[in-house]
Amino acid sequence: MEPADRIRAAVALEPTDRPPAAWWGHTYREEWSAPDLARVTARRQREFGWDVVKLQPRACCFAQAFGSEYRPAMEFRDAPALVRPAVLRVEDWDRVTAAEAPVPSLIEQNDALRAVIGELGPGVPVIQTVFSPLTVAGYLAGEDRARTAAELRERPDLVGPALARIAHDLASFAASAVDAGAAGIFFAVSGFASVDLMSVDDYRRLVLPYDRRVLDAVAGAWLNVLHLCGPRLSFELADDLPSHVVSWSSHQPGNPALADGRSLAGRAVMGGLDHEGALVRGTPAEVRAERDAAIEAAGGVGLVVAPGCSVPPEAPEENLREVTGAGTGTSSPA
């Protein structure tokens, strides 16, 4: 089967010749150049045999689009450094404005997307990463999620309209990605779906309409992935956020196991591997065992084997090869 065929079968909860698999991680230096990001992404897909490519733009590109300033990464393992956040005081939310036209930090992400799609062809689905509006807001507030959640609850009159303006631009960005050939988007809700930051009732009341605005813009895509990031997730939010696949870390405290999450979400799932555990600190045999356990837990159906979140740059290549079975020359068991 072609990678796209495996992914389509997984989404349809149908058997495949082997469970599809992929991973993603930052290449901080290359992420500041669309051609470099495209080059390293296409190379990794070929080298590691990913069945789906999640484009990994620099996380700060969305905050840059709304006024935050960052210093570029200089080395492969160095994340960008925050220079000045766009929102220093609660009153600054009123200054967060929608762009009159696409901004460079977002344009280059879809430029990289087009290049990867052109390089790999239609047999490998590529999805664009899109942060949720509240996730972007957290970056704008100095990457302080607790403060952002508190200010949203206390001053929805200020933060809510800012989220609406952010959602407007993110919806345009997501739709442009699909127009450029993306199979869909990887919609990342980072931290805010955890009860540590926000109750499910507050999320539905204060946040959900802005998330839906972005997801509605790509409703015609065939591979939208909902990523819920963090521990102690309000997993029931998956019912409110339409997607074809749900991604989360089943290894973090308070989160559902892989098969339980698939049952709760009623759709295919992406995960099963501990992005902070065996992939980074273990051996290839331990990664292989974790992969095989995930496949067994899911019954080999409706699963994209993957880490629960982005893999740290220090993860050994020999471990990463085991995600798709590329390390031993054998595919994952069906």
Side-chain angles (χ1 to χ4, degrees), residues 3-4 6-7 10 16 18-28 30-31 37-59 76-77 79 112-113 116 120 124-129 182-188 190 223 225-229 245-252 258 261 268-295 297-298 303-333:
R6 289 190 192 97
I7 297 295
T16 57
R18 64 166 177 80
W23 60 269
W24 54 92
H26 285 288
T27 53
Y28 291 117
E30 286 79 5
E31 288 166 8
L37 176 58
R39 174 183 50 78
V40 72
T41 301
R43 177 181 62 76
R44 281 178 157 187
Q45 189 281 327
R46 292 192 171 105
E47 183 175 355
F48 294 97
W50 299 338
D51 287 296
V52 58
V53 172
K54 174 210 177 283
L55 197 75
Q56 187 82 345
R58 60 183 185 273
F76 177 80
R77 290 183 171 87
L113 176 89
V116 173
L120 299 180
V124 180
V126 181
I127 57 178
Q128 179 63 278
T129 299
I185 67 170
F186 185 93
F187 186 75
S190 296
L223 185 57
V225 177
L226 169 64
H227 178 63
L228 301 175
C229 187
V245 181
V246 179
S247 159
W248 78 102
S249 174
S250 57
H251 293 84
Q252 289 189 295
L258 200 63
V269 296
M270 175 183 282
L273 303 180
D274 186 352
H275 63 285
E276 297 176 323
L279 278 171
V280 181
R281 300 187 298 272
T283 65
E286 289 171 325
V287 175
R288 188 159 60 248
E290 192 170 72
R291 180 195 73 197
D292 293 348
I295 293 169
L303 169 67
V304 180
V305 178
C309 199
S310 178
V311 177
E314 61 267 26
E317 286 196 2
E318 57 267 28
N319 287 354
L320 296 172
R321 292 183 189 281
E322 294 298 336
V323 175
T324 59
T328 59
T330 59
S331 298
S332 306

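Keep in mind it's a predicted model, so treat the numbers as computed, not measured.
Put simply, the side chain of T27 never gets that close to the backbone of E30: no donor and acceptor are under 3.5 Å apart. With hydrogens and angles ignored, the 3.5 Å screen pairs no side-chain donor or acceptor of S247 with any backbone N or O of L226. The backbone N or O of T283 lies less than 3.5 Å from a partner atom in the side chain of E286, making a donor-acceptor pair.
Within the structure, the side chain to side chain donor-acceptor pair (under 3.5 Å) test picks out the following pairs touching residues 48-58 (sequence neighbours left out): R6-D51, R18-D51, H26-Q56, K54-Q56, K54-T129, Q56-S310, R58-Q64, R58-E108.
Annotation: side-chain contact (heavy atoms from CB on, under 4.5 Å) contacts of A183 (sequence neighbours excluded): P125, I127, W222, L223. Applying the side-chain contact (heavy atoms from CB on, under 4.5 Å) rule to A297 yields no partners; only residues at least two apart in sequence or on another chain are considered. Checked against ring pair (Phe, Tyr, Trp, His ring centres under 6.0 Å), F186 has the following partners two or more places apart in sequence or in another chain: W24, H227. Qualifying side-chain contact (heavy atoms from CB on, under 4.5 Å) partners for R281, counting only residues two or more places apart in sequence or in other chains: none. Remark: V280 pairs with P312, E314, A315 by the side-chain contact (heavy atoms from CB on, under 4.5 Å) rule, at least two apart or across chains.
Between the OG1 atom in T324 and the CD atom in Q45 there is a gap of 9.5 Å [rounded to 0.5 Å]. Summarising the geometry, atom CD belonging to E31 is positioned 8.0 Å from atom OG1 belonging to T41; distances are rounded to the nearest 0.5 Å. The distance from atom CZ of R291 to atom CG of L273, rounded to the nearest 0.5 Å, is 9.0 Å.
Residue V225 is tested with I185, V246, V304, V245 for a side-chain contact (heavy atoms from CB on, under 4.5 Å); the sole match is V245.
Of all the heavy atoms in P19 and T16, the pair that sits closest is N-OG1, 3.6 Å.
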